[in-house]
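To start, the structure itself, in structure tokens.
Atoms within a ligand are numbered from 1 in the order they appear, just like the ligands themselves. Not measured: the values here are computed from a predicted model. Nothing fancy with the numbering, it's 1 onward along the sequence.
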Amino acid sequence: MKELAEATGAVAHLIEEFTKLPGIGPKSAERMVHFLLTGDRRTARSLADALHAVIDQVRTCQECFNLAEEDQCSICADPRRDTGLICVVETPRDLAVLERSGMYRGRYHVLNGRLAPLDNVGPEQLTFDGLLRRSCSEEPV
Ligand SMILES: [Zn+2]
């Protein structure tokens, strides 16, 4: 099998950036970059636009620390959700998995990590303050 030429410049930089993503090794990153460059350039442009939109528009919900495009995420803004229940999750991805199940109708609180004293991650590095504030102020319906 013929070896590919060593990538340089912008191509090498993009390969390096893809390898920072979870589960993406150098070979997969190289494959994706070559796909984007050898196929229809609209795919690459669409990917770039989607990344720009996420960077510019997505932020953290002021209530629960979920991903949001407004001050509150769609769950916190939904008056039909049970305000007497708060499900604590580690990441917004965990929240999304629970939401897809359709079984939970309360609200959430995203810690944005987990306690890891050996890595110097304590309650102050997570969103426990917000959880405490919410648990004292929110009333059951
Ligand atoms: Zn929220």
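One side chain, Asp94 or Thr91, offers a donor N or O that lies under 3.5 Å from an acceptor on the other.
To the nearest 0.5 Å, the span separating CG on Leu131 from OH on Tyr108 amounts to 15.0 Å.
No more than 12 heavy atoms of other residues, nucleotides or ligands shown are found within 6.0 angstrom of CZ on Arg45.
Using a cut-off of 4.0 Å between Lys/Arg side-chain N and Asp/Glu carboxylate O, Arg81 and Glu99 are scored as salt-bridged. Contact check on Lys27 versus Glu30 returns no salt bridge, with no Lys/Arg side-chain nitrogen under 4.0 Å from an Asp/Glu carboxylate oxygen.
With hydrophobic clusters built from ILVMFWY side chains whose heavy atoms lie under 4.5 angstrom apart, Val11 shares a cluster with Ile24.
Within the protein, the number of N/O/S atoms found under 2.8 Å from the Zn ion (ligand 1) is 4.
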